[in-house]
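Here's the structure we're looking at; comments come further down.
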Amino acid sequence: MRALKTSGKCDYPLGGSEGQRTVEPQVMIDLRRVATGACLPARATEIRTIRTTLANLTKTLERLGIGHDALERAGLGGLEAETNAVVADNGMTTERLATNSPGLVALGIILGGHFRQSTWNTFTDAAKLIQTIKNIYNMAPIEFSWATVKLGPDASLSNKPDLGEVGELLLVTRAIDAIRNLTGTGPSGIIVSDESAAFFEFSSRTGIPAFPFDNTPFRNEMMALMNSTNGRRSPIVFVSHHVDKGRFLSLEHTYRNDGERNERVGRTSRIIAEAISAGSVLLPHTLTALLDARIRDLPRDMAVDAETMRQMDGKTIRISGSEDPVPLAHKVVHITKINRPGELSGSSLGTETAHGVPVIVSRNGNKPVIRIVPESEFLAEVEGRKDIGLARVTGLDGTFLCYHMGMPGESLTAPEMEEAILRVFDGAAVDLKSVRSPRQVVMDFSNQLRR
């Protein structure tokens with residue numbers, strides 16, 4: 001099959017206006033139908049899995065020296081005895097546990113299969129673990145950071161949600177649904193810490209041209225998609241955090257003059273180099289300073305109960321430095337996308353999904369696998385290879401969603417592609433990882449295709 005070239009013209013916040021995408025056969029799918037299927041009630045978690053998770057949690061509390069007094073100070077005085085009773089009761093059923101202790105069900109599901117992708121040994125911070133347990137137990141909303149903006153032509157030809165970003169939201173939704181289906185209650189909603197919104201607010205407020213890009217259309221597109229799915233949907237609230245101007249200016253100066261030795265600047269440089277053209281208007285040290293000067297708080301008087309979250313559904317809460325904020329982690333179940341000691345890891349949500357495009361491989365009845373890769377490098381790797389066929393998957397409106405890698409001449413139909421995507425998101429969690437080496441992804445996928 002002969003590869004064609006298409007170009008799309010649009011404005012990108014980090015530089016560049018023209019992008020090219022290699023196009024092979026195109027498969028057009030109904031993203032709304034896929035999202036509806038992926039949001040269907042998750043299968044009940046088996047009691048033995050929950051009991052194993054709670055047993056591991058008990059061992060971790062003991063290892064960190066977290067006893068009854070510490071739990072009581074956190075308002076969890078009965079948790080230790082309650083957890084031990086469930087672990088020791090071989091006759092415990094899911095239904096009885098769900099009736100007697102919805103909070104333990106939430107702990108068993110969230111810590112057991114959805115977001116705790118690191119090992120128990122990485123829970124090394126007692127204070128953070130206690131706060132996480134308290135928030136999960138009390139059904140606080142689940143929160144994660146999300147830069148809802150593309151990094152240039154090589155990330156996407158449009159600033160609309162692709163399958164990686166849709167997948168992130170669906171995974172959190174499925175976790176909440178799994179708890180709700182068992183207990184009748186669940187986390188009060190989803191909070192998206194919108195990094196792009198924070199940067200845009202900062203640029204608009206200060207006049208510093210650091211990030212002159214409003215990603216409101218992206219959020220509207222995502223909300224429209226989630227609103228179109230059938231059944232209940234958890235409230236989704238976006239938060240635009242405060243960027244400290246003085247800290248930003250200080251950090252920008254420091255990073256500009258210390259770029260060679262500053263690991264964070266070097267890492268950001270690599271991300272930008274992979275994702276955008278050389279003529280970037282937002283330099284690595286500026287982006288890094290913005291990230292590090294962002295204050296991730298919530299207003300002190302902002303309630304996060306179920307009814308309040310429903311009232312705020314779809315809105316963007318803007319935080320300024322004068323609102324007497326409190327640390328965000330005190331009010332939500334924070335999911336970090338990278339493994340940090342002592343924090344709840346959500347590596348299955350994908351790391352830096354806005355910094356690449358999703359690629360799916362599905363072959364010989366194996367469960368489809370998805371990876372997020374920098375697009376330009378990925379296309380360079382498959383260019384000219386005769387053992388790989390590449391299809392471009394779009395929504396009904398033509399918006400790019402992902403690539404599908406298959407054998408040469410292989411072309412999945414729309415129903416087959418939709419089924420493959422649903423299988424990607426089947427189960428408690430999904431291996432939706434960002435990979436910095438497109439070459440390794442192509443090698444792994446091509447090996448799988450030959451099996």
Look at the side chain of D313 and the backbone N and O of I236, then say whether any donor-acceptor pair between them is shorter than 3.5 Å.
yes
Does T83 reach the main-chain N or O of L79 with its side chain, forming a donor-acceptor pair under 3.5 Å?
yes
Give the intermediate values and the outcome of side-chain hydrogen bond (donor to acceptor under 3.5 Å, both in side chains) for residues T216 and R219.
CA-CA 5 Å; T216 300; R219 296 194 300 271; 3.1 Å; yes
Tell me, do R247 and I295 make a side-chain contact under 4.5 Å, heavy atoms counted?
no
Verify the neighbour count for atom CZ of R48: are there more than 12 heavy atoms of other residues, nucleotides or ligands below 6.0 Å?
no
How long is the straight-line distance from CZ of F199 back to CZ of R294, given to the nearest 0.5 Å?
5.5 Å
Which atoms form the tightest heavy-atom contact between L107 and T53, and what is the distance?
O-CG2, 4.1 Å
Spatial distance of atom CD (E201) from atom OG (S240) [nearest 0.5 Å]
4.5 Å
Do side-chain atoms of N135 reach the backbone of A329 as a donor and acceptor pair under 3.5 angstrom?
yes
Is the closest side-chain heavy-atom distance between R296 and E143 below 4.5 Å?
yes
Close side-chain approach of V442 to I388, heavy-atom, < 4.5 Å:
yes
For a 4.5 angstrom cut-off between non-hydrogen side-chain atoms, does I50 reach L54?
yes
Side chain to side chain contact (heavy atoms under 4.5 Å, CB included) evaluation trace for L225 with L169:
CA-CA 11 Å; L225 173 65; L169 204 51; over 6 Å; no
Given V424, which partner from the list P358, P368, S362 fulfils the side-chain contact (heavy atoms from CB on, under 4.5 Å) test?
P368
To the nearest 0.5 Å, how far apart are CE in M222 and CZ in F238?
7.5 Å
Nearest heavy-atom contact between L64 and F123 is CD1-O, 3.4 Å
Check whether more than 12 heavy atoms from other residues, nucleotides or ligands sit under 6.0 Å from atom CZ of R439, and answer yes or no.
no
Distance from E80 atom CD to L61 atom CG, nearest 0.5 Å?
8.0 Å
Quick one: do V34 and D30 satisfy side chain to side chain contact (heavy atoms under 4.5 Å, CB included)? Show the steps, please.
CA-CA 6 Å; V34 171; D30 188 337; 6.0 Å; no
Check the pair E416, H404 against side chain to side chain contact (heavy atoms under 4.5 Å, CB included), reporting the backbone distance first and the verdict last.
CA-CA 11 Å; E416 289 172 334; H404 178 264; over 6 Å; no
I'd like to know if the side chain of H241 and the backbone of D297 have a donor-acceptor N/O pair within less than 3.5 Å.
yes
Candidate pair D177 and R174, rule salt bridge (charged side-chain N to carboxylate O under 4.0 Å, His left out), full reasoning
CA-CA 5 Å; D177 287 347; R174 288 179 66 86; over 6 Å; no
Could you measure the distance from the CD atom of E418 to the CD1 atom of I421? Nearest 0.5 Å is fine.
7.0 Å
Least distance between heavy atoms, V27 atom then A414 atom
CG1-CA, 3.8 Å
Salt bridge check: are D444 and R371 linked by an N-O gap of less than 4.0 Å?
no
Are M309 and V237 close enough, and set up right, to give a side chain to side chain contact (heavy atoms under 4.5 Å, CB included), and what steps lead you there?
CA-CA 7 Å; M309 289 292 290; V237 178; 3.7 Å; yes
Can you tell if the side chain of H330 reaches within under 4.5 Å of the side chain of L298, non-hydrogen atoms only?
no
Could you check if a side-chain atom of V333 sits within less than 4.5 angstrom of a side-chain atom of I136, using non-hydrogen atoms only?
yes
Can you name the closest pair of heavy atoms from K331 and M302 and give their distance?
NZ-O, 2.6 Å
In short, R180 meets P187 closest at the heavy-atom pair NH2-O, 3.8 Å
Please state whether the rings of Y403 and F378 are parallel, tilted or perpendicular, taking 30° and 60° as the class boundaries.
tilted
When you measure from the side chain of T308 to the backbone N and O of V304, does any donor-acceptor pair fall under 3.5 Å?
no
Are the side chains of I110 and I142 in contact, using a 4.5 Å heavy-atom criterion?
yes
Give me the one residue out of T254, L251, V243, D244 that meets side-chain contact (heavy atoms from CB on, under 4.5 Å) with D292.
L251
Quick test of your reading of the model: are E307 and R310 salt-bridged, counting only N-O distances below 4.0 Å?
yes
Side-chain (K134) to main-chain (L71) donor-acceptor, under 3.5 angstrom
no
Ignoring hydrogens, what is the shortest heavy-atom contact between G314 and M223? Give both atom names and the distance.
CA-CE, 3.6 Å
Spell out, as yes or no, whether a donor-acceptor pair under 3.5 Å connects the side chain of K59 to the backbone of W120.
no
Side-chain heavy-atom pair E168, V172 within 4.5 angstrom cut-off:
no
Just verifying a value: how many Å separate N56 CG and L111 CG, rounded to the nearest 0.5 Å?
10.0 Å
